[in-house]
Every structure is written in structure tokens, then in C-alpha cells.
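Some notes on the structure that comes next.
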Protein chains: 2
Amino acid sequence: MRHIAEGVGIKAASIYNHFGSKQELLQDLLMLPANLYTEEMQTVKNSNLTPREKIEKLIRHHVRMAVEHTDTVALIVADWAHLEGETRAQFFQLREDYETDFKEIIEIGKTNGSFNPNINTDVAVFSILSTLRWLFSWYNRNKSFDVEELEKQMMQVLLSGTCI
Amino acid sequence: MRHIAEGVGIKAASIYNHFGSKQELLQDLLMLPANLYTEEMQTVKNSNLTPREKIEKLIRHHVRMAVEHTDTVALIVADWAHLEGETRAQFFQLREDYETDFKEIIEIGKTNGSFNPNINTDVAVFSILSTLRWLFSWYNRNKSFDVEELEKQMMQVLLSGTCI
DNA sequence: GTCTATACGCTGATAGAC
DNA sequence: GTCTATCAGCGTATAGAC
């Protein structure tokens, strides 16, 4: 709290005029951006895009978040583990629902020919989301990389692989 | 230190008869397994496998580590950030060298037709290693998954992608 | 090599003056 | 809404008995 206070030019005690506790501060910083992923998922689900287009739109959203809100994504990925009680359960639920929706899109895509039915959906989604979650750390070291090129590359690597 | 001591049935103070400090304990736990990745990379580099086979061998090694030494990999991935001083720099170097070697294999593979020359090597390697680093957490929730099937799936997802 | 006792810095948080 | 003063708890680590 002392470090955070120093960052905004006040003393630690003054933070408690704005947030009830350190935990409440963490919750306010985490949950709002976390909900952005859920909202994007709802938009995608309610669209009439193909499964392939839906996954591409979600990937683009992850890339945009990593690029435009690098620090916020870093906070979510690194510090969700410090959430407690009700809010922690709520975050877990958001995350689990997101993954379930993601998998469902892939499953449907498997049946209509846009995704390879031989791949395990669990493994594939884990791989895609692992990469997208930590993309902020890659971008932190490659800030000059063109955003549209990054989107294109992520699409190719995550969907078509690195081989010929 | 109290928790660790409790885990082995002694008091926290007694740990200091075996390790000079908490930091030293962390270093001993981290650096030995971290070197296993470097050793495997040396073996692969000195082999006469094709680039594609080299990457496949490295992927298999990551999967084996995640499955057979789940807790150790979790420790490395989560707690390397708490390393200090000389050892921290040493860990960074190991990791950086590993990534450089990994990228070099892909680059060579691009020129002789086993990897897609249109993909950005940095992005591809980041994606592959992100997945492999966090695989331990997936396996923690899917311990019953067959190891050979997991190897096969990882190979397919990371190298050929999820699309048709 | 284990224990108890203890030092001491850092952390989150509160009380109360301004 | 900010500050100073202060607290209680926890963390790592040491001293010294057994």
C-alpha cells in the first residue's frame, strides 16, 4: 500500500479514504477489465459469424487487450490468485465460463469442417489461451511490433501452426 | 519457512541447519531442474536430427517434465521471479539461451522447408513456449490424461495448428 | 540437528488532528 | 481528504540450550 500510495503522491493511510481495504482495491482493479472478456464473448456468441470467424474475433480481442491495456492484463494474469472469498469465486466462474464458451465454438467448428476433428479441444484451447494470456509479456519486450502484423501472426500460429 | 518446515515435520529455525537462507533454498530447488532443459537442448543441438525432429524432441521433453515433475515445473514457472542477485541473472541467461537455440532451429527449418517461412519466429516460439511452460497447470487438472496421447496432441496443436 | 526464545523489519490497517 | 502516529501480526533470521 505504501508503494501504491507513493505512486499517486499520497500516504498509504489516505488510500483508505477511497478503498476499504487492499483486497477491495485489487477487486476494483481486476474485475472490471475481466468482465470485458466476458462481454466480448457474449457479442461473439450472439453474432452469426462462422466458428472460424468467431475464434478469429476473440483472438483479435486478446491481442488488442494485450497491446492497449498491457499493464491491466499483466495485473489480471499475475494477481488474480490474490483475490479472496466471494470475488475470487466470481472470477473463477467468469474464467471457466469463458473457456467453456471457447471450447463450444471449436467443437461446432469441428463438425462443420473448419477445425480439425482429430485434435483434442481441451488441449487446443489450453494452448491458445495460454499464449493469449501471456502475450502482454511478449509485447512488453516488443512494443515496436506492428499491431496488425501481430494479429495476423497470432492468427496463423494459433490456427494454422508453425509447420508447412 | 514455517509452512515448509511443517511440511517436513520440523520447526522453521531447523531449516537453517540445511540452507543458509530462504533464498539459498529457492536457488537449490530451482536451478538444478532448470539446467535439465539446457542439457536437453545441448543433446538436441548436438544430434543429427532434422529441425522438425529436434523441435519434436524438445516438445516431448517439456511434456515429460510437466507430467513427471509437475510440482517442480510449477515452482520454476511461478517462483523464478523471486530469485535475487547473481543466481537471478544466471537463470535469465539460461532461459534466454534456451529461447535463442529454439529460434535458431526454427530458422534453419524455415530455409529447408519443414517450417513455414511466412511465420514470425519470435511470435511462434513465444506461443510454443508459453503453452509448454504452463502445461503443468493443465496436467494438474487432467492427471488421468494419457501421456503419449498428450505428446501427440501437443505436437499436432503446436506444429500443425487447430484448423483443417 | 533439533528445539525455544527472541529480535526486528515490513505490512495492512486504524485513530484522530488538521 | 490528507496527514502523523501507532498498532498488531507475520516473515526471516539468529542465539543458545539440549
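Every chain is numbered from 1 and lettered A, B, ... according to where its sequence line falls, protein lines coming before strand lines.
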Task: Phe91(A) and Trp80(A) aromatic ring geometry - parallel, tilted or perpendicular at 30°/60° bounds - done: parallel

TODO: Please examine the side chains of Val147(B) and Glu68(B), heavy atoms only from C-beta on, and report whether any two atoms are closer than 4.5 Å.
DONE: no

Task: Salt bridge Arg52(A)-Glu56(A), side-chain N to carboxylate O under 4.0 Å - done: yes

Task: Nearest-angstrom distance from the residue atom CG of Leu26(A) to P of dG12(C) - done: 12 Å

TODO: Check whether more than 12 heavy atoms from other residues, nucleotides or ligands sit under 6.0 Å from atom NZ of Lys152(A), and answer yes or no.
DONE: no

- [ ] Round to the nearest Å and state the distance from Lys22(B) atom NZ to dC10(D) atom P.
- [x] 15 Å

- [ ] Check DNA chain D against residues 2-15 of chain B and give the residues with a non-hydrogen atom under 4.0 Å, in numerical order.
- [x] Arg2(B), Ala13(B)

Open item on the list: In this structure, how many angstroms lie between the P atom of dG11(D) and the CE atom of Met1(B), rounded?
Closed with: 12 Å

TODO: Measure centre to centre between the rings of Phe136(B) and Trp134(B), then say whether the value is under 6.0 Å.
DONE: yes

- [ ] Report the distance from atom OH of Tyr16(A) to atom C1' of dT4(D), rounded to the nearest whole Å.
- [x] 16 Å

TODO: Let me know the distance between CD of Gln23(B) and P of dA13(D), rounded to the nearest Å.
DONE: 9 Å

TODO: Go through dG1(D), dA13(C), dG1(C) for me and flag the one nearest to the His18(A) side chain.
DONE: dG1(D)

Open item on the list: Looking at Ser127(B) and Val123(B), would you say the former's side chain and the latter's main chain have a donor-acceptor pair under 3.5 Å?
Closed with: no

Task: Separation of dT11(C) P from His82(A) NE2 (nearest whole Å) - done: 14 Å

Open item on the list: Below 30° counts as parallel, above 60° as perpendicular, anything between as tilted: where do the rings of His62(B) and Tyr37(B) land?
Closed with: tilted

Are any protein N/O atoms closer than 3.5 Å to N/O atoms in nucleotides 16-18 of chain C? If there are, list each pair with its distance.
none

TODO: For the pair Arg88(B) (side chain) and Ala81(B) (backbone), establish whether a donor and an acceptor sit closer than 3.5 Å, ignoring hydrogens and angles.
DONE: yes

